Amino acid sequence: MELSKNFQHNEAEQKWYQHWMDKGYFYSTPDERPAYTIVMPPPNVTGVLHMGHALNNTVQDILIRRAKMQGFNTCWVPGTDHASIATEAKVVNMLKEKGIDKNDLSREEFLKYAWEWKEKYGGIILAQLKKMGCSLDWNRTHFTMDDAYYKAVIDVFVNLYNKGNIYRGVKMINWDPQALTALSDEEVLHKEANSKLTYIQYKIDSETEEYITIATVRPETIMGDTAVCVHPEDERYAHLKGKFCFVPLINRRIPIIFDDYIDKEFGTGALKVTPAHDINDYNLGLKHKLAVVDTLNENGTMSEAAQIYVGHDRFVVRKQIVEDLKASGNFVKQEDYNNQVGVSERTGAVIEPRLSMQWWCDMEKMASPALEAVMNEEIDFYPSKFKNLYRHWMGNIKDWCISRQLWWGQRIPAWYDTEGNIYVAENADKVLEQYLQKNAGGTIADLRQDDDVLDTWFSSWLWPLQVFEWNENRDNKELDYYYPTNTLVTGPDIIFFWVARMVMAGYEFKGKKPFEQVYFTGIIRDKQGRKMSKQLGNSPDLLELIEQHGADTVRFSVMISSPAGNDILYDEAFLEQGRNFCNKMWNAMKLVKMWEGRVSTEVSTDDTFAIDWMQERIKQVELSIEELLKDFRLSEALKNIYSLIWDDFCSWYLEWVKPGFEQPMSAMVYNKTIDIYESLLQLLHPFMPFVTEEIYHLLRKQSDDLMSRQLTAFGTPNAELLSEGTKLQELITAIRDARVKNNLKPKDVIELAVDTKEESFYTSTKNILGRQINAEEISFTNEAVQGSISLVLGVDKLYISSNVAIDTAAQKEQLQKDLDYQKGFLMSVEKKLSNEKFVANAKPEVIESERKKQSDALAKIKTIEESLSLL
RNA sequence: GGGAGCAUAGCUCAGCUGGUUCAGAGCAUCUGCCUUACAAGCAGAGGGUCCGCGGUUCGAACCCGUGUGCUCCCACCA
């Protein structure tokens, strides 16, 4: 078989993903094995794969694939979220491009378009995950608006309503004037804005020409003012008690009220009170029984109630009114002012606080078990710093505004009769039953269903339950087996939106936590630390990256740069490193394949040092990987495997067992080498599934697949063997370094004489050492070899002889450098040991180790000095 | 305004219970090699005020205080 120069990813990826699918490796059904379950955070149904998904899903795939190798029955559930507001916005835009206005459509017509859109684009993101190599159980794919899921959401609503946890009420909400819907507090982002603070004077209603000046960043709302408020102890305004003033331009007469809410220092110490457009003003209004004048329409234009500028946009009016106030003589001044402005997380529109009738979910009761579960570590957060954040939010939780003035989503199962009475039930039939009890002879036509749909998170919070058909059968076998799930992998940005609410739903509806542990990944940023976003155009096209570089390489590049708990600065340079790694492994495989034809059972097989050592190294790394993965330190685990394969296996091991030019290969060594390579591939497989599976099958004919191969117990590594390996590496490096420094060409043959107490070590590694340093003879000696390069390694003295002239000055310098270092080292150790306080206070083992350092250093110094004296 | 986190090589980051096996890794840089797996490679090397200051300690990158700079979260001061 002809092997290509480098690893060809495209073909391998298609082949193996299909093969894994055909073999059914991704599918899970309950059995006697323990389950390891992850539910994927469902991406937006109309979304396309971006770097965040790549990170998130690679992490999950690594956990799943590794758990599978460890004998768990793994189940990773895919699916998509209907993403109410985001999807509706996209559909509205799509229709607009077609020249269709949503307002001209009936609800049914709009939903028909929306479903068409979902069918067309809804599967794209899941298909893209296949390209990444994600081992998802596709038979379990769910969508949060599937019929059964829809019903579960409705049932939960009815259940909570009947328990009294859901109610309808008028409150100040966050209004998105672009999407024309209410939003929850979590859907509002606060952004720093450069605003203007406008000072406006209101004429006092009195005989004299007197004014009171207020400061505001929203002059366009003055038509909604129903009072001016000052601090009761503010002497400047004490004389205005009981007085009134006039709102400029419209001349509404409003009271001057007194409240210690006011900050005397801010602005002029006088506040215009606009209860309809500010939450604080609203509260003030309630306290002082002020009228509410709502001067804005739903879309952010001025309403009839404003009297002037009717129909004009709020931001246009903000500028215009300043001009008009100047003309009327009410304008005082304007200054620059930085403040926080709330914007819609989805549309980016500036939020209007707005008084309106909405549905609310009382969170307090549900929050308490959910808070406790995380605080007492029944649910573990990684990194644990997010516990603080969670506690703070849960401890200050407010009622959740769950109604949205949208069509795409679960429609609220509430009906109203002509008198405004509310009937809540799973469906129209049941509602009618309720209605008929009070209104004999009525029909469903007497009732009108609420137009609103539920917040998308009101469905996603059921995800870990409902993907196992919880609502159809609340104690079904699968739910018992897979739930609670094991690990949730998600971004910290949705800790409140989703994670907290899933925990609440888990306890409220199932009486159990939804997951054992939550791993919060970092946020992906570009090299300069900027968040990746469409606007900045700094987010690479993931599919293109996979196409060009291969899924393994992309996975590698994302994982190698993502320390646990920190943001990821993504640099495409990592792609190069990943690609090189694939090729390194590919070429190692080619080397091994080259030996295949040269295998002979005749070759002596007593030289097993390399094999023994490599096996211990694998054990060692396996142990550290296990520890690292427990703490989700995936990038470090990957670095360990990377180095194990590149450095230990390719750079050392393969060189150590490599037969001489055109020499036969020991059958035993050959087979062990393949065993070893397979172990390495298995360790790496969860991170880079395709290239490892491909090489696994090329190394030798296999009856199984790497993906389904089980990890065997590795055991404790032999420390002595490991340190011998390290010593051999140091020896080789030191001699190579000496060769370079003495201008010995790689082809120049040397002779090595060793003065050591550990002859057995040299005997067992002699063959390897000879090849690695190109020595034709290695012998033992008790005295210096004249005319040689002398080196000191530990307390061993090495003498390198060759027919090339030796530069004694250079070596002398090197030895002197070593000597200085050792002397300095010894001094610091002896200083410590002669310090009475140290000897009195330090732990005995520390003192012991210092003594050892002392004697080692003394021995080394003696050795170096002896060598030096010969030069 | 409240809270959290971070600051170590040119860059990205490890460094766990304080102790020269602690000052590290990868990338980048420099030097020498087209050596028959791999130049997308091999063999070597250089590179640091562990953010500043103070303290605790026999001993501090690590603990405490403080200052500076950055990041994030929460919050109803116009």
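So you know, we letter chains A, B, ... as the sequences are listed, proteins then strands, and number each from 1. Note that the coordinates shown come from a computational prediction; the quantities given were computed from them, not determined experimentally.
Contact between the side-chain N/O atoms of A/Y337 and the OP1/OP2 oxygens of B/A78 is found at a separation under 4.0 Å. Dashed line: the shortest gap from a side-chain N or O of A/N841 to OP1 or OP2 of B/C58 is under 4.0 Å. At the phosphate of B/C42, OP1 or OP2 sits under 4.0 Å from a side-chain N or O atom of A/W646. In this structure, A/K658 reaches the B/A37 phosphate: one of its side-chain N or O atoms is under 4.0 Å from OP1 or OP2. Note on A/K385: every side-chain N or O is 4.0 Å or more away from OP1 and OP2 of B/U71. Residue A/N580 places at least one side-chain N or O under 4.0 Å from the OP1 or OP2 atom of B/G41. A sub-4.0 Å separation between OP1 or OP2 of B/A43 and a side-chain N or O of A/T733 is absent. Contact between the side-chain N/O atoms of A/K831 and the OP1/OP2 oxygens of B/C58 is not found at any separation under 4.0 Å. For A/R633, a side-chain nitrogen or oxygen approaches OP1 or OP2 of B/G15 to under 4.0 Å. Side-chain nitrogen and oxygen atoms of A/R579 include none within less than 4.0 Å of the OP1 or OP2 phosphate oxygen of B/A40.
Counting non-hydrogen atoms under 4.0 angstrom, A/L389 reaches the backbone sugars and phosphates but no base. A/S828 comes within contact range of no nucleotide atom at all, as no heavy-atom separation falls under 4.0 Å. Using a 4.0 Å heavy-atom criterion, one finds that A/N283 contacts no nucleic acid atom at all. Within the 4.0 angstrom heavy-atom criterion, base atoms lie near A/Q340. Contacts of A/E655 with the nucleic acid, taken as non-hydrogen atoms under 4.0 Å apart, include base atoms. Within the 4.0 angstrom heavy-atom criterion, only backbone atoms of the sugar-phosphate kind lie near A/N835; the bases stay farther away. Among the heavy atoms of the strands, none lies under 4.0 Å from A/C229. Across all strands, A/A573 comes closer than 4.0 Å to no nucleic acid atom at all (heavy-atom distances). The residue A/I523 sits apart from the nucleic acid: no heavy atom pair falls under 4.0 Å.
Side-chain proximity of A/F496 to the nucleotides B/C76, B/C73, B/C58 is greatest for B/C73. Of the listed nucleotides (B/C76, B/G19, B/A37), B/A37 has the atom at the smallest distance from the side chain of A/C650. Of the candidate nucleotides B/C13, B/C38, B/C77, B/C13 has the atom nearest to the side chain of A/K639. Proximity note for A/Q577 (side chain, C-beta onward) versus B/G26, B/C77, B/A37: the nearest is B/G26. Taking every side-chain heavy atom of A/D263 into account, B/C77 is the closest of B/C77, B/A43, B/A37. Between B/G19, B/U21, B/A43, one nucleotide has an atom nearer to the side chain of A/K853 than all others, and that is B/U21.
Between A/K853 and A/E850 there is a salt bridge, with a side-chain nitrogen of the basic residue lying less than 4.0 Å from a carboxylate oxygen of the acidic one. A salt bridge is defined here as a Lys NZ or Arg NE, NH1 or NH2 lying under 4.0 Å from an Asp or Glu carboxylate O, and A/R218 with A/E352 meets this definition. Using a 4.0 Å cut-off between charged nitrogen and carboxylate oxygen, A/R617 and A/D648 count as a salt-bridge pair. With salt bridges taken as basic N to acidic carboxylate O contacts below 4.0 Å, one links A/E596 and A/K593.
Between the CG atom of A/D737 and the P atom of B/C33 there is a distance of 16 Å, rounded to whole Å. Per the geometry, CG belonging to A/L722 stands 19 Å off P belonging to B/U21, to the nearest Å.
For A/F687 and A/F556, the ring centers sit 6.0 Å or farther from each other.
No cation-pi contact links A/K387 to A/F381, judged by a cut-off of 6.0 Å to the six-membered ring centre and 45° from its axis.
When the C1' atom is used for both B/A9 and B/G46, the distance is 11 Å, rounded to whole Å.
Between the base of B/A40 and the side chain of A/N583 there is a donor-acceptor pair shorter than 3.5 Å.
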